[in-house]
Structures are given as C-alpha cells and as structure tokens.
**Q** 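Quick one: this structure, given as structure tokens, is what I'll be asking you about.
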Amino acid sequence: MIEKFLKQTTFISQEDYEKNLEFIIPEHFNFAYDVMDEWAKEKPEKLALLWTNDEGECIRFSFKDLKEQSDRAAAYFQQLGIGKGDMVMLILKRRYEFWISMLALHKIGAVAIPATHMLTTHDIVYRNNRASVKAIICAGEEYIMQQVEGSKAESPTLKTLVSIGPKQAEGFHDWHKEWNDAPAFVRPTEKNDNDDTMLMYFTSGTSGEPKMVAHDFLYALGHLTTGVYWHNLGEDSIHLTVADTGWGKAVWGKMYGQWFAGAAVFVFDHEKFTADKILRQIEKYRITSFCAPPTVYRFLIHEDFSHYDLSSLRYCCTAGEALNPAVFDKFKELTGISLMEGFGQTETTMTLGTMPWTKPKPGSMGLPNPQYDIDLIKPDGTPCEDGEKGEIVVRTNAGKPVGLFKYYYRDDELTHNVWHDGLYHTGDVAWRDEDGYYWFEGRIDDVIKSSGYRIGPFEVESALMTHPAVVECAITGVPDEIRGMVVKATVVLHKDWKSKAGDELIKELQNHVKHVTAPYKYPRIIEFVDELPKTISGKIRRVEIREKDNKK
C-alpha cells in the first residue's frame with residue numbers, strides 16, 4: 001500500500017530516511033477511497049478494527065466491513081442533507097461508530113470536527129457558532145444528549161442531531177434505526193481537492209480559548225510516517241493507542257497511519273482509566289504495539305507486571321508531552337522495551353521522533369522527521385547552536401509540508417502570529433545535543449525566570465520523578481519580590497507515601513532535586529495534591545495551577 005505514496009519505503013538509518021523520504025502525492029487524495037477502499041479490494045477479510053468495551057462486548061471489523069459500513073453511513077448522511085464542505089461535530093467517545101463516521105464524512109467531502117464528550121452546553125454553543133456546525137452525531141447518553149439539545153436554541157446553523165444510541169430522544173435521528181433505509185451510496189462526482197478542509201480540531205490547549213485547527217486532505221497522508229515508521233507497524237500488528245476520540249492523538253494513533261500500514265487498530269471503549277484495565281486488554285487481546293501519553297506510563301509502572309502476560313508486546317511509543325527519563329528507565333526494566341518518544345502538535349503530524357533505526361535517549365524527543373524542515377531559533381530569530389535553548393520552528397519557505405495545518409479557521413490574526421516570514425512557530429522550547437537529538441524544556445510561557453536563571457519546568461519535573469514518592473508532578477513559577485519568580489512543585493504522591501506528606505517529606509524532595517540537578521532549580525514551594533489539572537489529551541495544565549496561585 002505505502003509504495004503508492006512513497007518513492008522509497010524501507011529505510012536503514014536516519015541518514016537514509018533524511019535523504020530519501022519523498023511523498024508521491026496523488027491528485028484529489030482521499031484517505032477513505034485511496035487507502036481504506038483499496039485495502040478492501042486487496043485484502044477484504046483482513047482485520048482492520050478490533051473494538052471491545054468494559055462490558056465485555058467485542059466486535060471485529062475487516063477492511064471489507066469498514067468499506068461497506070462507511071458507504072452506508074455516507075449515504076445516510078447525504079439523506080440527512082450533509083454534503084461537501086458541511087461542518088459535522090462528532091461526540092462519540094470511543095464508540096466504533098466514530099471510525100465509520102470519519103470515513104463516511106471523508107467520502108462525501110464534509111468536514112469532521114471530533115469533540116470530547118465532556119463538553120458543556122456552553123462549550124458546544126461556542127463551537128457550533130465559531131465553525132458554523134450543521135450537524136452533530138453523538139453517543140446516546142443522557143448527559144451528552146442534554147448538552148447537545150441545549151445548544152440548539154443558540155446555534156442558528158445547527159440543523160441535524162443524530163444519536164447512535166443506546167438512548168434516543170425527540171429531535172434526534174436514530175442512526176441504527178434509520179441508516180439501513182439509506183439508498184446505495186454513489187461516490188460524488190465532485191472530488192475533493194487536496195487543499196480542501198477535511199478535519200478540524202478545537203484544541204484543548206494549556207491556556208486561552210480553544211483554537212480551530214483546520215487540516216486539509218493531505219493531513220491523513222502526512223500520518224503515513226507516524227504509523228508505518230514511528231509506530232513500526234505492519235499487517236501483523238495489533239495496535240493500541242490510549243486516546244479519547246475528541247483529541248487529535250486519536251487520528252495520530254488509531255486511524256490514518258495505522259491503516260496505511262495495514263495494521264489492526266484496537267479500541268478499548270471504557271469509562272474510567274485504570275492501569276490494570278489497560279494491562280488486562282494487552283494481555284487478553286495479544287496487543288503487539290502500544291502508544292500512550294507519559295501520564296499513562298507513569299501509572300503503569302506502579303503496577304506489579306508479574307501479574308500480567310505481556311509477551312505479545314513488541315513495540316511501545318509515547319507522545320503528548322515530554323517523557324521523564326525515570327519513567328523510561330523503569331518501563332524498560334519491567335518489560336525490556338524502550339519507549340520511542342515522538343513530538344508534534346494538533347497543528348502537525350509527528351515532527352520529531354525516535355524511529356526504529358535510531359537509538360532512543362531517555363528523555364529526548366528524538367530526531368527531526370524529514371517530512372518537516374525543523375530548526376531551533378533564539379528570540380532574535382537567529383539559529384541556535386547545539387546546547388542552546390530555543391523555540392522549535394518549522395521552516396516553510398519551500399512550501400507547506402504534508403501534514404502541517406492550513407490555518408486557524410476564521411482567525412487570520414492568530415494564524416499570522418504563529419506562522420509568518422516562512423516560519424511556523426510551535427511555541428515549544430527545547431535544546432539540541434551534538435547528535436541532533438532534541439530535548440524538551442517547556443512551553444515558552446512555562447519557562448521560569450528566577451534570580452537571573454531560566455529554568456525549564458521539565459528538567460525539575462524529571463528530577464522529582466526519580467524519587468519513589470512521586471507519581472506525577474508539575475513545576476510552575478510563583479511571583480517573588482526578591483527573586484522575581486520561585487519554583488513551585490505540585491506533587492501527586494504514591495499511595496504508600498501519602499501518609500508521610502508534610503514538612504519532612506518536602507525537605508527530602510527539595511534535597512533530592514538539589515542532588516539530581518543544579519541546586520538553584522530546586523522547588524522552594526511544594527504542594528501535595530490528589531491529582532493534577534489536565535487537558536482531555538492528558539497534558540498538564542500548568543496555567544490552571546498558576547491562575548489558582550495568583551488568586552491566593
């Protein structure tokens with residue numbers, strides 16, 4: 001399959017990859033037709049999607065099944081009046097209808113807008129009106145349907161509501177009752193252009209109002225490298241990425257790149273995350289490849305791995321935020337598997353990563369993906385030398401890379417703020433070592449300036465994470481009259497240490513940081529909490545901690 005889209009498909013080294021990665025870009029590329037329907041022709045019975053939930057239900061979809069069901073869904077959506085360019089919000093949790101809907105919307109050229117099930121009526125109204133949403137397809141659960149229904153009065157463009165069940169309500173179309181009556185699907189004669197909008201995400205960022213990140217149809221092609229190379233997948237792979245479908249990581253790890261590789265995507269539809277549940281799924285369904293944000297790994301390593309048979313697991317990756325070296329080392333000790341880190345944003349596909357042919361360095365984001373022209377720049381715009389901290393940028397003088405977003409929808413000013421003069425500014429700070437590996441420091445807004453020193457939150461968090469008492473932590477700056485800012489640590493303790501929370505443990509953790517890293521970086525303030533505030537994607541919301549401190 002991938003030979004249709006790459007001039008060279010096998011790489012033996014980073015040098016080979018950098019020199020020879022080149023996409024073959026078809027006209028009117030459409031992932032649903034050009035990849036999924038082609039798999040249905042070539043290997044119709046091959047397992048494509050293995051879905052299970054925490055009630056023990058299990059459904060297997062072949063590529064043929066997904067073609068037939070996405071065709072039927074596309075015809076159904078057309079019958080509901082959804083057409084090319086229409087905005088359709090999907091609030092489907094991890095229900096299998098999400099994947100069918102995504103493919104169906106691609107087929108008719110509509111714009112898919114995945115969203116989290118935790119949105120309130122206010123959140124949905126904001127999204128409906130900012131994006132002119134025409135239809136919402138949602139899980140039939142009481143809370144979700146109430147919020148969706150409540151948004152309609154204040155959303156003039158919203159015309160159609162669809163529930164996939166189990167609950168139904170007045171004003172909602174009943175997907176499973178109605179879609180069987182849809183006529184046979186006929187592919188629209190008007191094909192999409194490559195730069196048409198295919199997908200939009202409202203980012204659940206660490207600060208500010210959600211932005212509308214618009215992606216074109218080539219965004220899916222950009223994820224070929226994500227699944228085939230970074231995840232190291234093949235047709236015999238069963239891959240599990242832990243991600244809610246309202247988060248961009250879902251299409252990073254549960255759709256495009258994995259199906260380019262012909263792998264089976266495993267979906268565990270569950271209500272509440274526990275490390276035990278995830279490990280049981282890996283054991284039961286013989287998962288071969290796994291990807292999750294560092295938050296998940298931080299909890300996994302505190303389980304007793306001797307209670308699980310994880311012998312099927314061959315390859316593991318992580319992304320979403322930086323991985324602490326202590327977590328890398330512990331997971332390697334428990335499983336023998338090195339965690340292959342990747343970096344990207346809702347606005348991009350994978351821009352930095354540790355590929356199968358490279359040796360991972362614990363705590364590093366890896367090497368630039370040659371799909372993008374990556375650089376580090378100083379505040380004055382000049383390139384950084386090795387060892388210097390700077391902002392990660394993508395150079396776009398030669399054109400927009402495959403996988404980079406189009407713009408922030410309906411916000412030219414915000415788009416220009418981050419993308420101008422041939423540079424897309426990620427807002428993330430890192431440094432590069434002599435081997436070309438990048439090391440994350442934090443968001444530009446997160447860097448702490450204390451007594452003349454610039455302190456990146458991640459380096460202090462990584463030091464704290466090497467203490468056995470610490471499960472998770474977040475480093476922020478607190479205003480100080482003398483030093484300008486002082487370092488604060490907000491810490492989640494391991495259950496065995498919670499009874500010891502107090503001044504003595506605070507002193508112990510402070511001394512531990514002084515010993516592990518430069519003494520000036522130690523947290524002068526430590527607060528113990530039960531959990532850290534996070535986005536739906538699992539990223540720590542340091543801004544929320546700062547705002548709370550500023551109100552005190």
Side-chain angles (χ1 to χ4, degrees), residues 72-182 197-205 208-214 244-248 250 271 408-411 535-536:
R72 188 188 304 176
Y76 175 49
F77 294 163
Q78 288 176 321
Q79 193 176 50
L80 294 175
I82 299 169
K84 187 175 187 292
D86 287 337
M87 302 284 179
V88 182
M89 191 185 300
L90 305 176
I91 309 177
L92 292 172
K93 303 180 76 172
R94 292 178 176 88
R95 297 283 293 275
Y96 63 79
E97 289 90 347
F98 171 80
W99 285 266
I100 296 168
S101 295
M102 288 285 284
L103 295 173
L105 293 173
H106 293 349
K107 286 184 173 182
I108 61 179
V111 181
I113 307 177
T116 172
H117 60 281
M118 293 188 284
L119 297 179
T120 64
T121 294
H122 172 80
D123 298 325
I124 297 172
V125 168
Y126 171 80
R127 286 157 173 76
N128 287 345
N129 293 326
R130 289 283 287 139
S132 298
V133 170
K134 183 175 183 178
I136 297 178
I137 303 165
C138 68
E141 298 181 8
E142 188 170 350
Y143 174 82
I144 296 172
M145 295 177 75
Q146 284 179 350
Q147 307 313 308
V148 169
E149 172 63 28
S151 75
K152 196 167 184 181
E154 298 180 63
S155 306
T157 63
L158 184 60
K159 305 300 181 186
T160 305
L161 308 180
V162 181
S163 168
I164 63 169
K167 291 183 181 296
Q168 296 297 333
E170 186 177 350
F172 286 79
H173 289 273
D174 184 335
W175 166 307
H176 288 286
K177 182 179 180 181
E178 297 174 358
W179 81 321
N180 285 320
D181 297 329
T197 302
M198 175 191 75
L199 178 69
M200 284 211 309
Y201 276 102
F202 280 82
T203 61
S204 53
E209 288 285 0
K211 299 167 289 190
M212 293 187 291
V213 179
D244 184 276
T245 60
W247 173 30
E271 290 300 320
Y408 294 120
Y409 186 60
R410 294 176 172 171
D411 200 328
T535 68
I536 183 63

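Not measured: the values here are computed from a predicted model.
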**Q** Please identify each residue that fulfils side-chain hydrogen bond (donor to acceptor under 3.5 Å, both in side chains) with T120, with sequence neighbours left out.
**A**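 Partners of T120 under the side-chain hydrogen bond (donor to acceptor under 3.5 Å, both in side chains) test: D123.
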**Q** How would you list, by chain and number, every residue that makes a salt bridge (Lys or Arg N to Asp or Glu O under 4.0 Å) with K93, sequence neighbours excluded?
**A**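 For K93 the salt bridge (Lys or Arg N to Asp or Glu O under 4.0 Å) partners, ignoring immediate neighbours, are E141, E271.
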**Q** A135: which residues meet the side-chain contact (heavy atoms from CB on, under 4.5 Å) condition with it, sequence neighbours left out?
**A**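 Here the qualifying residues are I82, V88, T160.
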**Q** Taking K167 for its side chain and I164 for its backbone only, find out whether a donor-acceptor pair lies under 3.5 Å.
**A**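 Looks like no, no N/O pair under 3.5 Å.
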**Q** NZ of K177: more than 12 outside heavy atoms within 6.0 angstrom?
**A**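 No, not enclosed.
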**Q** With a 4.5 Å heavy-atom cut-off, do I137 and I91 have their side chains touching?
**A**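 A side-chain contact under 4.5 Å is absent here.
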**Q** For a 4.5 angstrom cut-off between non-hydrogen side-chain atoms, does M87 reach Y409?
**A**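 Result yes, sub-4.5 Å side-chain heavy-atom pair found.
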**Q** Passes side-chain contact (heavy atoms from CB on, under 4.5 Å), L105 versus M198? Steps please.
**A** CA-CA 8 Å; L105 293 173; M198 175 191 75; over 6 Å; no
**Q** Is it the case that over 12 heavy atoms from other parts of the model lie below 6.0 angstrom from the CD atom of E154?
**A**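 Check fails, neighbour count at 12 or below.
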**Q** Going from NZ on K211 to OG1 on T203, what distance comes out if it is rounded to the nearest 0.5 angstrom?
**A**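 It is 4.5 Å, given to the nearest 0.5 Å.
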**Q** Taking only residues two or more places apart in sequence, or in another chain, which ones meet S151 in a side-chain hydrogen bond (donor to acceptor under 3.5 Å, both in side chains)?
**A**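 N128.
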**Q** Treating R95 as the side-chain partner and G140 as the backbone partner, does any N or O pair qualify as donor plus acceptor under 3.5 Å?
**A**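 Not at all, since once roles are kept as given, no pair shorter than 3.5 Å links the two residues.
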**Q** Mind listing the closest non-hydrogen atom pair of A73 and A104 along with its distance?
**A**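 In this case the closest contact between A73 and A104 is CB-CB, 3.7 Å.
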**Q** Could you tell me the separation between the CG atom of L158 and the CE atom of M89, rounded to the nearest 0.5 Å?
**A**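 One gets 8.0 Å once the value is rounded to the nearest 0.5 Å.
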**Q** Could you list the residues that satisfy side-chain contact (heavy atoms from CB on, under 4.5 Å) with Q146, not counting sequence neighbours?
**A**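 Only E142 meet the side-chain contact (heavy atoms from CB on, under 4.5 Å) criterion with Q146.
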**Q** Can you measure from CG (D181) to CD (Q79) and round to the nearest 0.5 angstrom?
**A**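 Answer for the CG-CD pair, D181 versus Q79, is 7.5 Å.
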**Q** Name all residues meeting the side-chain contact (heavy atoms from CB on, under 4.5 Å) criterion together with E149; count only those two or more places apart in sequence or in a different chain, and write none if there are none.
**A**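 Expected list: L161, F172.
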**Q** State which residues pass side-chain hydrogen bond (donor to acceptor under 3.5 Å, both in side chains) with Y76; sequence neighbours excluded, sorted by chain then number.
**A**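 Applying side-chain hydrogen bond (donor to acceptor under 3.5 Å, both in side chains) to Y76 gives E178.
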**Q** Hey, what do you get for NE2 (H173) to OG (S163), rounding to the nearest 0.5 Å?
**A**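 Here the rounded value is 11.5 Å.
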**Q** Is it the case that H122 and Q147 place a side-chain donor and acceptor less than 3.5 Å from each other?
**A**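 There is no such pair between these side chains.
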**Q** May I ask you to decide if R130's main-chain N or O and R410's side chain share a donor-acceptor pair within less than 3.5 Å?
**A**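 Side chain of R410 to backbone of R130: a pair is present.
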**Q** Do F98 and P114 come within less than 4.5 Å of each other through their side chains, counting heavy atoms only?
**A**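 Yes, side chains in contact.
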**Q** Sort out for me which residue in I124, T121, N129, V148 forms a side chain to side chain contact (heavy atoms under 4.5 Å, CB included) with S155.
**A**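 The option that passes is N129.
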**Q** Before you tell me yes or no, could you show the steps for T245 and W99 under side-chain contact (heavy atoms from CB on, under 4.5 Å), namely the whole-Å CA-CA distance, both residues' side-chain angles and the distance that decides it to 0.1 Å?
**A** CA-CA 9 Å; T245 60; W99 285 266; 3.9 Å; yes
**Q** Using ring-ring contact (aromatic ring centres under 6.0 Å, His included) as the criterion, list what pairs up with F77, not counting sequence neighbours.
**A**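 Only W175 meet the ring-ring contact (aromatic ring centres under 6.0 Å, His included) criterion with F77.
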**Q** Passes side-chain contact (heavy atoms from CB on, under 4.5 Å), I113 versus Y201? Steps please.
**A** CA-CA 6 Å; I113 307 177; Y201 276 102; over 6 Å; no
**Q** Does E170 have any side-chain contact (heavy atoms from CB on, under 4.5 Å) partners at least two apart in sequence or in another chain, and if so, which?
**A**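 By the side-chain contact (heavy atoms from CB on, under 4.5 Å) rule, E170 matches no residue at all.
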**Q** Among residues two or more places apart or on two chains, list those pairs meeting salt bridge (charged side-chain N to carboxylate O under 4.0 Å, His left out) that have a residue in residues 98-112.
**A**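 Passing the test, one end in residues 98-112: D37-K107, D71-K107.
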**Q** Got a sec, which residues hit salt bridge (Lys or Arg N to Asp or Glu O under 4.0 Å) with D86, two or more places apart in sequence or on another chain?
**A**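 Listed in chain order: K134.
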**Q** My understanding is that only residues two or more places apart in sequence, or in another chain, count here; which of them pass side-chain hydrogen bond (donor to acceptor under 3.5 Å, both in side chains) with N180?
**A**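 For N180 the side-chain hydrogen bond (donor to acceptor under 3.5 Å, both in side chains) partners, ignoring immediate neighbours, are R72.
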**Q** Is there side-chain contact between L90 and M102, with heavy atoms separated by less than 4.5 Å?
**A**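 Yes, at least one pair of side-chain atoms sits under 4.5 Å.
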**Q** Any heavy-atom pair between the side chains of M212 and D411 that's under 4.5 Å?
**A**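 They are not in side-chain contact.
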**Q** Decide yes or no for I108 and Q78: does some side-chain heavy atom of the first lie under 4.5 Å from some side-chain heavy atom of the second?
**A**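 They are in contact (side-chain heavy atoms under 4.5 Å apart), so the answer is yes.
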**Q** I need the minimum non-hydrogen distance between A131 and M200, along with the two atoms involved.
**A**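 The answer is CB-CE, 3.9 Å.
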**Q** How long is the span from the CD1 atom in I144 to the CD1 atom in I136, to the nearest 0.5 Å?
**A**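 So the gap between those two atoms works out to 11.0 Å.
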